[in-house]
Amino acid sequence: MRILKTALLVFVAAAVPLAATDQAPSLDQVVDRISSRETALVSSLRQYSPLVETYIQNLRPDDQLGSVPAGDNYFLGRADLSTGVELKSLTEKAGASHKMLGGLKGWFTFSLQFLPRGFLQMIYIDTNGFDRQHYKFDYVRREFLGEVRCLVFDVTPLPKSGKGRFLGRIWVEDQDFTIVRFNGAYSGSSKTSFYFHFDSWRVNAGPALWLPAFIYSEESNVNYAMVRRLQFKAQTRLWGYNLGRSGQEQELSKVLIESASPIKDQTVTSNDMTPVQAQRAWDRQAEENVGDRLERMGLIAPRGEVDKVLETVVNNLEVTNNLDIQPEVRCRVLLTSTLESFTIGHTIVLSRGLIDVLPDEASLATMVAHELGHVVLGHRIDPQYAFFDRLLFDDKETFQHFVFAREPGEETAASQKAAELLKNSPYKDSLGNASLFVAALDSRAREIPNLVSPHLGNRVPVNNALHEATPQGDAAKRAGMISALPLGGRVKVDPWTDRIEMIKTKPLGSVSEREKMPFEVTPFMPYLTRQSSSNQQPGAVTAESKADQNKKPQ
């Protein structure tokens, strides 16, 4: 223990300016600093109401694959952190039971009822005193999480400190001494309710601002009701902390200068619209209203590089099929994990979860082609959304207010048109994985009903038209192909700005059958970085964190 303590003191001394102290801080001083930063973080989070999504997959043993999905649960809501861990569901219909939002005594009951608030509670390590009066802190080592240098401690509740205390390991960044990751479980489970093991991550959104973003939970052998056994994996994601408000305020505060002389057209009627142009503009206004409303509440990501990737696929399909679509087709990304795609007028929307699990660009093209089929066939958006009062409703009514599902006849026609587009596209000779994806989704749908149930549109198409457009290929060659990726395999979300980007990973080499895990939940391992001060919300640093900054090396 003496050697470990010495190593800690040497490491901390390097992170504190010599002018700030005459000697290296003691272990107790470091722990006190960690405790005060955790208290400040809990206090600062009370001003936020992020979106919270929890997706749970129950598992069953499988001789070849180890375990496979055997049912799932899904929750999407907005958190109210001002008074604790309150949640307002966005997916429950009016008048539905609210039993899923039960108390925090445990997160599981005899009726296999998961409690979303219990998973949200995992953003906090302990709100009832995370300090030396309640815990024993053992320094382990120093370690990098991505680019962030951390101190690693094992923490154990002291005797008689009470139930619900955290037992596990914490990672503390070495500049402000904020906990950025904690891995373990709360103590105090009983025969009728359980606290699950979890791995909770926070990401940096600016100086001294670390936001809870990812939580992975897993249990492989929880016995209940005498003879039953629970096995599951779960992902909880948080985003929408800022929802773009700072950008709108900056736009409002800009000083705009009028032109010295008014701009005049040579022909007075040159900008007048024909009736067809007016109808197109009206429909465009409707889709822009919807897109803006969904973006402002954090369900659709701001435009960025992923949209451009999708629009490149659209362009490839249009060019090779000699299509000239006006207004131009645009793409957006729905930030939920559910697998769905739909059109809002000439805007194609794919969910983050769907993009995550698609194995290659050709598979992506099959999904885009289906929605492009709706556009080509003239399946319009409901024009009611062109009236702005139609967008003034409470967030919890979103999925009842917006309905973009198509009639069965329109879906069939769009799939047939997609098959035509794909046969003439640059993807026509590389659709083997697309066929595997459609087949895998069809075979797994019963085990993951909540993942494949859309919020706003139709289910991902798995019909014959797409099968016909995707050649089966040589069975032996296809045996080693990946039909679908696990969740979280492609898109990374910034929880502060809601901006998304494609995950850049190294080639994996050969992958065993057990490692393929199509549509399955896997642990989070984010690459942590420090953000510039420009990304931080004004006033987000508390008085405590400001005091800590004064002690930070420049």
If the threshold is 4.0 Å, N to carboxylate O, is there a salt bridge linking [X] and [Y]?
{"X": "Arg303", "Y": "Asp292", "answer": "no"}
{"X": "Asp174", "Y": "Arg149", "answer": "yes"}
{"X": "Arg352", "Y": "Glu340", "answer": "no"}
{"X": "Arg293", "Y": "Asp395", "answer": "yes"}

Spacing of [atom1] belonging to [X] relative to [atom2] belonging to [Y], to within rounding of 0.5 Å:
{"X": "Cys150", "Y": "Leu145", "atom1": "SG", "atom2": "CG", "value": "4.0 Å"}
{"X": "Ser49", "Y": "Lys88", "atom1": "OG", "atom2": "NZ", "value": "8.5 Å"}
{"X": "Leu41", "Y": "Asp176", "atom1": "CG", "atom2": "CG", "value": "11.0 Å"}
{"X": "Trp210", "Y": "Trp201", "atom1": "CH2", "atom2": "CH2", "value": "10.5 Å"}
{"X": "Met517", "Y": "Leu487", "atom1": "CE", "atom2": "CG", "value": "10.5 Å"}
{"X": "Leu350", "Y": "Leu310", "atom1": "CG", "atom2": "CG", "value": "6.0 Å"}

If you compare all heavy atoms of [X] against all heavy atoms of [Y], which two are closest, and at what distance to 0.1 Å?
{"X": "Arg202", "Y": "Ile125", "answer": "NH2-N, 4.3 Å"}
{"X": "Ser351", "Y": "Val333", "answer": "C-CG1, 4.3 Å"}
{"X": "Asn450", "Y": "Thr338", "answer": "O-CG2, 3.7 Å"}
{"X": "Leu211", "Y": "Leu45", "answer": "CD2-CD2, 4.2 Å"}
{"X": "Gly84", "Y": "Tyr124", "answer": "O-OH, 4.1 Å"}
{"X": "Val68", "Y": "Glu520", "answer": "CA-OE2, 4.4 Å"}

Item to complete: Please check if atom NZ in Lys504 has more than 12 non-hydrogen atoms from other residues, nucleotides or ligands closer than 6.0 Å.
Response: yes
Worksheet item: What do you reckon, is CD of Gln133 surrounded by more than 12 foreign heavy atoms closer than 6.0 Å?
Response: yes
Fill in: Derivation and outcome, side-chain hydrogen bond (donor to acceptor under 3.5 Å, both in side chains), residues Glu219 and His197
CA-CA 7 Å; Glu219 291 294 344; His197 292 86; 2.7 Å; yes
Under a plain distance cut-off of 3.5 Å, with no hydrogens placed, do [Y] and [X] share a side-chain donor-acceptor pair?
{"X": "Thr54", "Y": "Thr236", "answer": "yes"}
{"X": "Asp32", "Y": "Ser35", "answer": "no"}
{"X": "Thr178", "Y": "Glu173", "answer": "yes"}
{"X": "Ser337", "Y": "Glu53", "answer": "yes"}
{"X": "Tyr139", "Y": "Asp154", "answer": "no"}

Worksheet item: Can the ring centres of Phe144 and Tyr527 be said to be less than 6.0 Å apart?
Response: no
Worksheet entry | Ring centres under 6.0 angstrom apart (Phe196, Phe232) | yes
Discussion item. Between Asp131 and His134, is the side-chain contact (heavy atoms from CB on, under 4.5 Å) condition met? List the steps.
Written reply: CA-CA 6 Å; Asp131 49 36; His134 298 91; 2.7 Å; yes
Compare all side-chain heavy atoms of [X] with those of [Y] and state whether any distance is below 4.5 angstrom.
{"X": "Phe153", "Y": "Val140", "value": "no"}
{"X": "Arg332", "Y": "Leu294", "value": "no"}
{"X": "Asn242", "Y": "Tyr48", "value": "no"}
{"X": "Leu167", "Y": "Val155", "value": "no"}
{"X": "Phe524", "Y": "Arg237", "value": "yes"}
{"X": "Pro302", "Y": "Glu295", "value": "yes"}
{"X": "Val203", "Y": "Pro495", "value": "yes"}
{"X": "Leu76", "Y": "Leu299", "value": "yes"}

Discussion item. Would Phe130 and Phe166 count as a ring-ring contact (aromatic ring centres under 6.0 Å, His included) here? Give the steps.
Written reply: CA-CA 9 Å; Phe130 185 67; Phe166 177 77; 7.3 Å; no
Look at the side chain of [X] and the backbone N and O of [Y], then say whether any donor-acceptor pair between them is shorter than 3.5 Å.
{"X": "Arg165", "Y": "Asn128", "answer": "yes"}
{"X": "Gln57", "Y": "Phe519", "answer": "yes"}
{"X": "Asp28", "Y": "Val31", "answer": "no"}
{"X": "Asp394", "Y": "Glu397", "answer": "no"}

Practice prompt. Just jot down the ring-ring contact (aromatic ring centres under 6.0 Å, His included) partners of Phe399, sequence neighbours excluded, or say none.
Written response: His455
Fill in: Arg490 and Asp356: CA distance, side-chain angles, deciding distance, salt bridge (charged side-chain N to carboxylate O under 4.0 Å, His left out) verdict
CA-CA 5 Å; Arg490 292 209 180 276; Asp356 272 342; over 6 Å; no
Worksheet item: After noting the C-alpha distance and the side-chain angles of Ser161 and Tyr135, does the key distance pass the side-chain contact (heavy atoms from CB on, under 4.5 Å) rule?
Response: CA-CA 8 Å; Ser161 60; Tyr135 287 90; over 6 Å; no
Discussion item. Would you call the rings of Tyr55 and Tyr74 parallel, tilted or perpendicular, taking 30° and 60° as the class edges?
Written reply: tilted
Discussion item. Pair Lys233, Asp199 - check salt bridge (charged side-chain N to carboxylate O under 4.0 Å, His left out), show working.
Written reply: CA-CA 12 Å; Lys233 294 180 180 180; Asp199 189 18; over 6 Å; no
Fill in: Cation-pi check, Arg181 onto Trp171 ring (under 6.0 Å, within 45° of axis)
yes
Practice prompt. Determine, step by step, whether Tyr241 and Asp498 satisfy the side-chain hydrogen bond (donor to acceptor under 3.5 Å, both in side chains) criterion, reporting the C-alpha distance in whole Å, the side-chain angles of both residues, the deciding distance to 0.1 Å, and the verdict.
Written response: CA-CA 8 Å; Tyr241 283 93; Asp498 291 352; over 6 Å; no
Practice prompt. Carefully, step by step, assess Asp138 and Arg169 under the rule salt bridge (charged side-chain N to carboxylate O under 4.0 Å, His left out).
Written response: CA-CA 9 Å; Asp138 293 318; Arg169 177 164 291 186; over 6 Å; no
Discussion item. For a side-chain contact (heavy atoms from CB on, under 4.5 Å) check, start with the C-alpha distance between Met297 and Arg78, then their side-chain angles and the critical distance, and finish with the verdict.
Written reply: CA-CA 10 Å; Met297 67 177 296; Arg78 188 175 298 283; 3.9 Å; yes
Discussion item. Evaluate Glu305 against Lys492 for salt bridge (charged side-chain N to carboxylate O under 4.0 Å, His left out), listing each step before the verdict.
Written reply: CA-CA 11 Å; Glu305 66 171 62; Lys492 179 168 61 175; over 6 Å; no
Worksheet item: Yes or no on side-chain hydrogen bond (donor to acceptor under 3.5 Å, both in side chains) for Thr529 and Gln531, after CA distance, side-chain angles and deciding distance?
Response: CA-CA 6 Å; Thr529 59; Gln531 303 298 321; 3.1 Å; yes
